[in-house]
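Note that ligands are numbered from 1 as they come in the structure, with each ligand's atoms numbered from 1 the same way.
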Amino acid sequence: MTQYSRVSGSVGLITLKNPPVNQLSAVVRHGIVDTVQKALSDPKVKSVVICGQNGMFCGGADIKEFQTLANMRGPPLIPMIHSIEAADKPVVAAIEGGAFGGGLELALGCHYRIAHSKAKVGLPEVTLGLLPAAGGSQRLPRLIGVPAALSLITTGRHITAAEALQLGLVDQVADHNTVDAAVKFALSVAGQSLDARRISNFQCPPVPNMDALFEDVMQKVRTTARGAIAPIACVQAVRAAATLPYTQGMQREKELMATLFTSGQARALQYCFFAQRVVGRWSMPSGARWDTSKGRPIHKAAVIGLGTMGRGITVALAQTGLSVVAVETQEKQFMEAKKAVSNMLERGAKRSGKPLAHGKITYSQSLQAVADVDLVIEAVFEDMGLKKKVFQQLSAVCKPGTFLCTNTSTLDVDELASQTHQPELVVGMHFFAPAHIMKLLEVVYGPRSSPELVAVVMELGKKMGKVSVAVGNCRGFVGNRMLKPYRDQAYFLLEEGATPQLIDQALEEFGFAMGAFKVSDLSGLDVGWKVRKEEGLVQPGGGSGKSARIRNGVRYSPLGDLMCEQGRFGQKTGRGWYQYDKPGSRDARPDPWMHSFLEEYRARHGLVARRISNQEVLERCLYAMINEGFRVLEDGIAAGPEDIDIIYVFGYGWPRHRGGPMFYANMVGLEIVLERLEHYAQANPDMPTLQPCSLLRKLVASGSPPVNKWKEVIKNVRSQL
Ligand SMILES: CC/C=C\C/C=C/C(=O)SCCNC(=O)CCNC(=O)[C@H](O)C(C)(C)COP(=O)(O)OP(=O)(O)OC[C@H]1O[C@@H](n2cnc3c(N)ncnc32)[C@H](O)[C@@H]1OP(=O)(O)O
């Protein structure tokens, strides 16, 4: 786990060996303690270099060890790093690949740091619900100053070697063999005084108006944290570094870490870290899997339809380096799209510092232009008739073997596949707007979709920088299917006495980026109205009598339809569930009109408004959504709870520090979720989405196992169906 050798006569070389990222597991820490001791006691050794095998310095503490305290045996990190800093021989960190979290903290304990030009460094503990508690919160501000340290520690962002050099975080950047460069450097500094190299002895560089700086940062962090506690603790720890002697600062770091370490938030965030990796190992009900299905290379892709989504998809594809044919048949849209795509590419290049991808795109107004591409993403208007026509044309125009994908948020992918000669080469790609920015991609396979195609699209998603989740085909797939009962409950609560702001506030306090009604205003109320009209659910004026609030024997709220009849489509019309200064403006303000609108509505339907608590809002909206999540699992639409949680965290603004809806259900206690659903279902027999689903009952009957054990119960439930 840790290899030791003497090189160039007098340099002790310690190599961390713990694939995949040389994480600091107990054995590695043992190895470091032993080999440092060996190097320091060997009179032939004048200086020491620490590096990692396979081009990676160190990915930090072993996150798996955090799952249970019992796992955390072996030498603790803090004294280990202290003993390196206190050494009387220079110790040089040779950073290849990356130094993250405890890995960077180890490097900060060394007297010098040399990084490869392609290496990245960072303290991402905050993203795991923690803080850099192996001295990182105390050493980093002393080394690079309080403002820069706050920026790195509160965001967890990874920075390049060049930025690290500029900040003074590393001493040298190497373009070639970093270990050789570090050994050479170690030879050159052997015997030199180390007094000025021990960061714990430094004072933080003074900051003018320090109190104001911390107040300002704290306020910003509180706003963006949406209830997460780790970013706040990070600010407090850096403040301790800036105001206290090192030893007291370390004590404060320890106390803050103790609170975070045992918090549910840390558990949720660490679950998300692994869940994100689990969804990459996709599987299909047919048994096809990520490790047994091989894709084939895609050299040229096409996008059909250059509306908002098509433009974003074109940009995302071009940024991967692929050749892209962008097709739009309507002249006006075609001209506008060319300009818009070009602007988006320029902004993207500026943001990322990567070269412009203009040359990768050719534009055409004819579908014939896609004849020789390997993969097509159709992104025309969300209309089954239109999409069917496009798929028939694509099937005729494209060369045999071309993969055909549809960007859709709800439509039946199998129905579209049946329009083509090779239905096995069709999948859905549910992008989220703006498609070149949003991280989530639902990859929707049908019963006939080939695993090769799923492999290709999952890989393509990764290249586009997306978190791709493979899901089965059903109405709304995973994300939108679960959103429906959540939204329905929000509408029902309005009928029963709540206001849009009461409901949104409860959801935002829970941690959602936006409440249900603000989201509805943002995406446009007319979108759902059109779908409901097509489904025959809308009655003019909302209908009357008892049947007005029932469709197909199930409770229905015509409130959204009534809003649309009034032309209140949301932000785009300047009026929706909220009011806005002008059409297109984003600043939502409560609208007194809503009050009389709701009063009148309730009076018409004989409803008596009652006081609705935040708890009821959360329980009804979230548990209805979670219940649907269990149905999704039962139906085999998602392979596991991780898939659902990642979809919600990356696509629907679910607070990451609550781990996703299914993890959250587990945190609350499945038996409590079941009991509350039973309670609400009994009170509302016309709301079948509140009837607890059988998988939830089975899980509770099986003793509510942790999320990572659900798959066994799901397998049993499915085999009984
Ligand atoms: C008292 C002191 C206490 C605490 C102080 C210190 C705290 C810490 O150090 S917390 C850990 C901080 N480190 C991180 O957050 C880094 C996490 N890792 C990553 O960001 C990435 O893995 C990477 C940038 C290092 C590499 O990315 P990539 O090449 O894309 O690989 P993967 O992300 O797919 O990871 C591969 C494989 O490694 C597992 N893994 C990665 N890091 C860790 C880790 N620190 N501990 C345990 N396992 C780790 C990861 O899960 C993947 O494995 P699986 O596919 O099997 O899940």
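Cation-pi check for Arg267 over Tyr271 is not met; the charged atom does not lie both under 6.0 angstrom from the ring centroid and within 45 degrees of its normal.
Those atoms of ligand 1 with a heavy atom of Ala133 less than 4.0 angstrom away are 1 (C), 2 (C), 5 (C). In the vicinity of Asp62, heavy-atom distances shorter than 4.0 Å reach the ligand 1 atoms 46 (N), 47 (C). Of all atoms in ligand 1, listed by their number and element, those nearer than 4.0 Å to a heavy atom of Phe274 are 51 (O). The contact set between ligand 1 and Glu105, taken as ligand atoms under 4.0 Å from a residue heavy atom, comprises 5 (C), 6 (C). Heavy-atom contacts of Met257 reach the following atoms of ligand 1: 3 (C), 4 (C) (cutoff under 4.0 Å). Close contacts between ligand 1 and Phe100 involve ligand atoms 24 (C), 25 (C) [criterion: under 4.0 Å to a heavy atom]. Near Gly60, with a cut-off below 4.0 Å to any heavy atom, the atoms of ligand 1 are 9 (O).
Using a 4.0 Å cut-off between a side-chain N of Lys or Arg and a carboxylate O of Asp or Glu, Asp62 and Lys64 do not qualify as a salt bridge.
Tyr664 has its ring centre less than 6.0 Å from the ring centre of Phe510. Separation of the Tyr652 and Phe432 ring centroids falls under the 6.0 Å cut-off.
The closest approach between a heavy atom of Phe261 and any atom of ligand 1 is not below 4.0 Å. Under a 4.0 angstrom heavy-atom cut-off, Leu130 registers as lying outside contact with ligand 1. Ligand 1 has at least one atom lying under 4.0 Å from a heavy atom of Pro20.
When each of Arg197, Arg198, Arg139, Arg142 is paired with Glu85, the salt bridge (Lys or Arg N to Asp or Glu O under 4.0 Å) condition holds for Arg139 and for no other. The side chain to side chain contact (heavy atoms under 4.5 Å, CB included) test with Leu317 singles out one residue from Leu375, Val324, Ile298, and that residue is Val324.
By the 30° and 60° cut-offs, the orientation of the rings of Phe630 relative to Trp710 is tilted.
Checking Gly122, Gly101, Ala99, Pro124 against atom 14 (C) of ligand 1, the nearest heavy atom belongs to Pro124. For the residues Ser25, Cys58, Ala61, Gly97, the heavy atom positioned nearest atom 8 (C) of ligand 1 is part of Ala61. The residue from Arg281, Lys462, Glu65, Lys64 that puts a heavy atom closest to atom 55 (O) of ligand 1 is Arg281.
Counting only residues at least two apart or in different chains, ring pair (Phe, Tyr, Trp, His ring centres under 6.0 Å) contacts with residues 114-152 are absent.
Between Ala134 and ligand 1, no N or O atom pair is found at a separation short of 3.5 Å. In terms of polar-atom proximity, defined here as any N/O pair under 3.5 Å, Gly59 does make such a contact with ligand 1.
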Please walk me through it: do Lys715 and Glu712 pass salt bridge (charged side-chain N to carboxylate O under 4.0 Å, His left out)?
CA-CA 5 Å; Lys715 226 191 275 122; Glu712 289 153 38; over 6 Å; no

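Residue-level proximity to ligand 1 for Leu24 is absent, since no heavy atom of it falls below 4.0 angstrom.
Leu167 approaches Ala148 most closely through the heavy-atom pair CD2-CB, 3.8 Å.
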